[in-house]
Amino acid sequence: PPSLPATAEVERQVLDRKVALLFSNTELGQVATAINATLVSAALGVVFPPQTILAWWAAVMVATLLRWNIARAYLRAPLALDAAGWVRRYRMNTLLVTSLWSAGMLFFGREAPPAQLFFMAFILAGMVAGAVSMLSPIVGLYRLYAIPIVLAVSLTAFLRHGAIEDYLLGLVAPLFLFAVLRSASHLHDALSDSIRLGIEQASLVASLREARDAAQAASSRVRFWPVP
């Protein structure tokens with residue numbers, strides 16, 4: 001009778017395909033990150049010393065190039081590491097990227113004029129929302145990315161001078177975080193179920209073909225068996 005692959009093998013294939021989805025989006029995401037960092041730096045450059053802004057921008061660019069290189073290495077030789085190994089590399093870079101954006105928000109946002117603060121918060125919200133589709137194949141990476149950044153926005157808003165708009169930003173940010181985390185979890189579950197179902201169906205089809213071929217071979221042997 002046709003059989004499905006063992007659970008461990010199915011989960012390995014599911015992870016492989018989720019990692020492939022993760023890296024298929026990475027290069028486009030890094031272009032967007034570079035553009036966003038440049039826009040934020042331009043906005044902050046009219047308020048803060050240029051050398052400080054340049055140092056932060058350069059650090060973000062280095063982290064962006066590192067992730068780009070990780071993606072290129074995966075696309076050139078996806079079997080150089082197992083899926084878990086590629087996820088570890090991505091996680092380390094995500095921690096670096098998240099730290100730079102969160103630190104930038106805390107450092108610049110506390111003293112920035114409202115226009116620059118809300119512009120930076122707007123850019124970060126767009127990045128976190130856009131990352132739902134890019135990082136949700138490995139939902140733990142999305143949480144590592146989104147939670148520190150959005151909480152940095154909220155904390156910065158509460159640490160400022162106490163204007164009503166600051167408090168509102170501080171309150172809205174966690175609500176936004178809750179919404180995007182739920183969206184990422186739902187998308188991750190849907191992707192996992194879809195991939196798993198496809199693998200199991202492909203295995204079932206292969207098993208049915210093997211059974212059909214075996215039955216046809218047995219039928220042929222019976223048909224041409226010499227009669228005494």
Atom pairs and distances, donor-acceptor, side-chain atoms in residues 32-41, under 3.5 Å, two or more places apart:
residue: Thr33; atom: OG1; partner: Gly29; partner atom: O; Å: 3.0
residue: Asn36; atom: ND2; partner: Ala32; partner atom: O; Å: 3.2
residue: Thr38; atom: OG1; partner: Ala34; partner atom: O; Å: 2.8
residue: Thr38; atom: OG1; partner: Trp57; partner atom: NE1; Å: 3.1
residue: Ser41; atom: OG; partner: Ala37; partner atom: O; Å: 2.8

Donor-acceptor pairs are to be reported for all side-chain atoms of residues 128-144 against protein atoms at under 3.5 Å, with residues two or more places apart or in another chain.
residue: Ser133; atom: OG; partner: Gly130; partner atom: O; Å: 3.4
residue: Ser136; atom: OG; partner: Val132; partner atom: O; Å: 2.6
residue: Tyr142; atom: OH; partner: Val128; partner atom: O; Å: 2.8
residue: Arg143; atom: NH2; partner: Ser185; partner atom: OG; Å: 3.3

Show me, pair by pair, the donor-acceptor contacts under 3.5 angstrom made by side chains of residues 110-126, not counting sequence neighbours?
residue: Gln116; atom: NE2; partner: Ala43; partner atom: O; Å: 3.4

Please report, to 0.1 Å, the donor-acceptor pairs under 3.5 Å made by any side chain of residues 164-174, with sequence neighbours excluded.
residue: Asp166; atom: OD1; partner: Arg160; partner atom: NE; Å: 3.1
residue: Asp166; atom: OD2; partner: Arg160; partner atom: NE; Å: 3.4

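By the 4.5 Å heavy-atom criterion applied to side chains, Leu181 and Ile147 are counted as neighbours. Considering only heavy atoms from C-beta on, Phe107 comes within 4.5 Å of Thr52 through its side chain. Side-chain contact between Thr26 and Ile70 is absent, with no heavy atoms from C-beta onward closer than 4.5 Å.
For Ser99, the side-chain contact (heavy atoms from CB on, under 4.5 Å) test picks out Leu95, with sequence neighbours left out. Every residue was checked against the side-chain hydrogen bond (donor to acceptor under 3.5 Å, both in side chains) condition with Asn25, not counting sequence neighbours, and none meets it. With sequence neighbours left out, the salt bridge (Lys or Arg N to Asp or Glu O under 4.0 Å) criterion links Glu27 to Arg72. Shown here are the side-chain contact (heavy atoms from CB on, under 4.5 Å) partners of Leu65, two or more places apart in sequence or in another chain: there are none. In this structure Asp193 satisfies the salt bridge (Lys or Arg N to Asp or Glu O under 4.0 Å) test together with Arg196, sequence neighbours excluded.
Listed by first and then second residue, the ring-ring contact (aromatic ring centres under 6.0 Å, His included) pairs involving residues 67-106 are Phe23-Tyr74, Phe23-Trp86, Phe23-Tyr90, Trp56-Trp101, Tyr74-Trp86 (not counting sequence neighbours). For residues 144-154, no residue pair satisfies the salt bridge (charged side-chain N to carboxylate O under 4.0 Å, His left out) rule, not counting sequence neighbours. Annotation: salt bridge (charged side-chain N to carboxylate O under 4.0 Å, His left out) contacts involving residues 87-107, sequence neighbours excluded, are absent.
Distance check, rounded to the nearest 0.5 Å: CE of Met105 to CG of Leu100 gives 15.0 Å.
Residue-environment remark: CZ (Phe178) stays at or below the threshold of 12 foreign heavy atoms within 6.0 Å.
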